[in-house]
Amino acid sequence: MIEKVIHYKRVGLIKRTFISLLDIFFLIFLTLTLSLISLGTYVSSSSFQNDNESLISLKNESNLFIDNEEILVKLENDDSLTINEKSEALEVAITKFYKFTNETINTSSDYLKEYETRKLNAKENEVNLFIKVEDEIIRSENNIKDSVYLDFYKEEYLGYALPTLYSLPLYTSITQKIVLINLSLISFSLLISGLIIYLVFPLIFKRDHATLSMKIFKVGLINSNGVSLSTKEFIFRFLFIYVIEFILGILSLFIIPLISYSYMILSKKESPLHDALINIMMVDKNSNKIYLNKSEYLKEVKSLLVK
């Protein structure tokens, strides 16, 4: 075996850990970069613009928003209005919203009726805020402060009206589509980043099949013959790690990667389980260079003998 003649130095646990952490850092950085590029492209696309305009239009039609800004925020920032005027404006907006919802959305719920029920049940110090007179709900005449009514409408706006708007089928279908596309772009960016860092980059360097962090720490991979992995051997290693430790690792709630890392800590070889199973070793290149194949090694040995 050539590896016994060359005497490669194994990479220790601490260095392996730093290499893994640095690879993860590069993975996160590249994923963020690709995600920002892809998400920026999507946001500027006509598809997103159309969906966003539909959301803005729905918000403004709901009477809960004015120019895509919550009416409550506008009222709170308007110092020219009295507390009573603010509460009356909120009451009009909320009532129009529930009427709009009942008239335009096909649903079994009667949002306006539910709102009226909440009004009749609202109390301040056991005194009803509203009373019903000839099928009309009006404010009580019990000298209740205007601020109490404003607080009621704020709670209704934030606790019931807005959540109702955001749960409407048209609104949720658009937002779910946007979220799904965003998640897909981020997932795709992660996949591409992983392929670049763990597959494409190491394939460029056929002598050691090193990732960028392995290059920094000057380590490489060798097979059981003590020479560089062939392309097939490296791809097999990549697929083995991807299927066994990544996919099955996620399905097993990361139990498999934990077992692999524990094996690396406890074994004398200080190799993760995947490398131990397929007889691949990570070695330090400072002691000896990694030969592409057995022929290259023998050729160099012969040249040394001639000298």
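What you see below is based on every heavy atom in this structure, not just the backbone, and it leaves out hydrogens, waters and symmetry mates. What you are looking at is a predicted structure, and each value in this text was computed from that prediction instead of being measured.
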Task: Parallel, tilted or perpendicular: rings of Phe201 and Phe205 (30°, 60°) - done: tilted
Open item on the list: Can you tell me how far apart CG (Leu34) and CZ (Phe188) are? Round to the nearest 0.5 Å.
Closed with: 9.0 Å
Task: Crowding at CG, Leu183 (>12 non-hydrogen neighbours, <6.0 Å) - done: yes
- [ ] Taking all non-hydrogen atoms of both residues into account, name the closest pair between Ile94 and Leu64 and its distance.
- [x] CA-CD2, 4.5 Å
Open item on the list: Quick one, Asn225 and Lys294 - any side-chain contact, counting heavy atoms below 4.5 Å?
Closed with: no
Open item on the list: Is the shortest side-chain heavy-atom distance between Ser47 and Lys177 below 4.5 Å?
Closed with: yes
Task: Passing option when Lys15 is tested against Ile19, Thr17, Leu13 for side-chain contact (heavy atoms from CB on, under 4.5 Å) - done: Ile19
Open item on the list: Just checking Lys96: does its NZ atom have more than 12 heavy atoms from other residues, nucleotides or ligands closer to it than 6.0 angstrom?
Closed with: no
Task: Side chains of Ile290 and Tyr8 in contact at under 4.5 Å (non-hydrogen atoms) - done: yes
TODO: Check the side chains of Thr211 and Ser213 for a donor-acceptor pair under 3.5 angstrom, ignoring hydrogens and angles.
DONE: yes
Open item on the list: Let me confirm one number: the CD1-OG1 distance from Ile197 to Thr31, rounded to the nearest 0.5 Å.
Closed with: 6.5 Å
Open item on the list: The test is side-chain contact (heavy atoms from CB on, under 4.5 Å); show your working for Ile131 and Ile138 and say whether it passes.
Closed with: CA-CA 6 Å; Ile131 57 175; Ile138 62 174; 3.8 Å; yes
Open item on the list: A cation-pi test, strictly: NZ or CZ of Lys119 under 6.0 Å from the centre of the six-membered ring of Phe130 and no more than 45 degrees from its axis. Yes or no?
Closed with: yes
Task: Beyond-backbone contact of Met264 with Ser20, side-chain heavy atoms, under 4.5 angstrom - done: no
Task: Distance in Å, Met282 CE paired with Ile222 CD1, rounded so as to fall on 0.5 Å steps - done: 11.5 Å
Task: Backbone N/O of Val73 and side chain of Asn77: donor-acceptor pair under 3.5 Å - done: yes
Task: Identified side-chain contact (heavy atoms from CB on, under 4.5 Å) partner of His274 from the options Tyr263, Tyr242, Phe240, Phe238 - done: Phe240
Open item on the list: Check Asp275 with Arg237, please: is the shortest side-chain N to carboxylate O separation under 4.0 Å?
Closed with: yes
- [ ] Take the angle between the ring planes of Tyr111 and Tyr98 and call it parallel below 30°, perpendicular above 60°, tilted in between.
- [x] parallel
Open item on the list: Grouping I, L, V, M, F, W and Y whenever their side-chain heavy atoms are under 4.5 Å apart, do Ile66 and Leu162 come out in a common cluster?
Closed with: yes
Open item on the list: Does Phe25 have more than 12 heavy atoms from other residues, nucleotides or ligands lying within 6.0 Å of its CZ?
Closed with: no
Open item on the list: Between Glu114 and Tyr160, does the side-chain contact (heavy atoms from CB on, under 4.5 Å) criterion hold? Intermediate values first, please.
Closed with: CA-CA 10 Å; Glu114 293 173 2; Tyr160 294 94; over 6 Å; no
Task: Salt bridge Lys289-Asp208, side-chain N to carboxylate O under 4.0 Å - done: no
Task: CA sep, side-chain torsions, deciding dist, call: Asp146, Thr82, side-chain contact (heavy atoms from CB on, under 4.5 Å) - done: CA-CA 9 Å; Asp146 291 338; Thr82 64; over 6 Å; no
Open item on the list: Minimum heavy-atom separation for Glu76 and Lys86, please, with both atom names.
Closed with: O-NZ, 3.8 Å
TODO: Please determine if Arg118 and Glu155 form a salt bridge, counting it only when a charged side-chain N lies under 4.0 Å from a carboxylate O.
DONE: no
Open item on the list: With clusters defined by side-chain heavy atoms of hydrophobic residues (ILVMFWY) lying less than 4.5 Å apart, directly or transitively, does Leu212 cluster with Ile241?
Closed with: no
Task: Pairwise side-chain contact, Leu58 with Ser54, heavy-atom cut-off 4.5 Å (strictly under) - done: no
Open item on the list: Is it true that, when you exclude Lys206 itself, more than 12 heavy atoms of the residues, nucleotides or ligands shown sit nearer than 6.0 Å to its NZ?
Closed with: no
- [ ] Verify the cluster assignment for Leu239 and Leu203: are they in a single hydrophobic cluster under the rule of side-chain heavy atoms below 4.5 Å apart?
- [x] yes
Open item on the list: Counting neighbours of OH on Tyr171 that are heavy atoms of other residues, nucleotides or ligands and sit closer than 6.0 Å, is the number greater than 12?
Closed with: yes
Task: Shortest non-hydrogen contact between Asn60 and Asp67, atoms and distance - done: OD1-N, 3.3 Å
Task: Within-4.5 Å side-chain heavy-atom neighbours: Tyr115 and Thr95 - done: yes
TODO: Check the hydrophobic clustering (I, L, V, M, F, W, Y; side-chain heavy atoms under 4.5 Å; chains of links allowed) and say if Ile83 and Leu81 are grouped together.
DONE: yes
Open item on the list: Once rounded to the nearest 0.5 Å, what's the spacing between atom CG of Leu27 and atom CG of Leu32?
Closed with: 9.5 Å
Task: Reported CG-to-CD1 distance for the pair Asn50 and Ile174, which is rounded to 0.5 angstrom - done: 10.0 Å
Open item on the list: Main chain of Ile256, side chain of Ser260: is a donor-acceptor contact present, judged purely on distance under 3.5 Å?
Closed with: no
Open item on the list: Less than 4.5 Å apart, side chain to side chain, heavy atoms only: is that true for Leu150 and Leu90?
Closed with: yes
TODO: Check whether Tyr149 and Val133 end up in the same hydrophobic cluster, where Ile, Leu, Val, Met, Phe, Trp and Tyr are linked by side-chain heavy atoms less than 4.5 Å apart.
DONE: no
Open item on the list: Under a 3.5 Å distance rule, please check whether Asn293 uses its side chain to pair with a backbone N or O of Ser295 as donor and acceptor.
Closed with: yes
Open item on the list: Can you classify the ring geometry of Phe48 versus Tyr42 as parallel (below 30°), tilted (30 to 60°) or perpendicular (above 60°)?
Closed with: perpendicular
TODO: With side-chain contact (heavy atoms from CB on, under 4.5 Å) as the test, would you mind laying out the steps for Leu221 and Met214 before giving the verdict?
DONE: CA-CA 9 Å; Leu221 299 173; Met214 289 168 65; 3.9 Å; yes
TODO: With the side chain counted from C-beta on, respond yes when Val11 and Phe217 share a heavy-atom pair under 4.5 Å apart, and no when they do not.
DONE: no
Open item on the list: Looking at every heavy atom in both Leu248 and Ile244, which two are closest together, and how far apart are they?
Closed with: CB-O, 3.1 Å
Open item on the list: Quick check against the 3.5 Å criterion: does Ser62 have a side-chain atom that pairs as donor or acceptor with the backbone of Lys59?
Closed with: yes
Open item on the list: For a quick test of reading the model, state the closest non-hydrogen atom pair linking Gly220 to Lys285 and the distance between them.
Closed with: N-CG, 4.0 Å
- [ ] For residues His209 and Ser228, report the shortest heavy-atom separation together with the two atoms involved.
- [x] CD2-OG, 3.8 Å
TODO: Look only at the side chain of Thr117 and the backbone of Lys113, and say whether a donor-acceptor pair between them is shorter than 3.5 Å.
DONE: yes
Open item on the list: The test is salt bridge (Lys or Arg N to Asp or Glu O under 4.0 Å); show your working for Glu124 and Lys145 and say whether it passes.
Closed with: CA-CA 10 Å; Glu124 173 70 11; Lys145 295 180 179 180; over 6 Å; no
Open item on the list: Once rounded to the nearest 0.5 Å, what's the spacing between atom CD1 of Ile186 and atom CG of Leu39?
Closed with: 5.5 Å
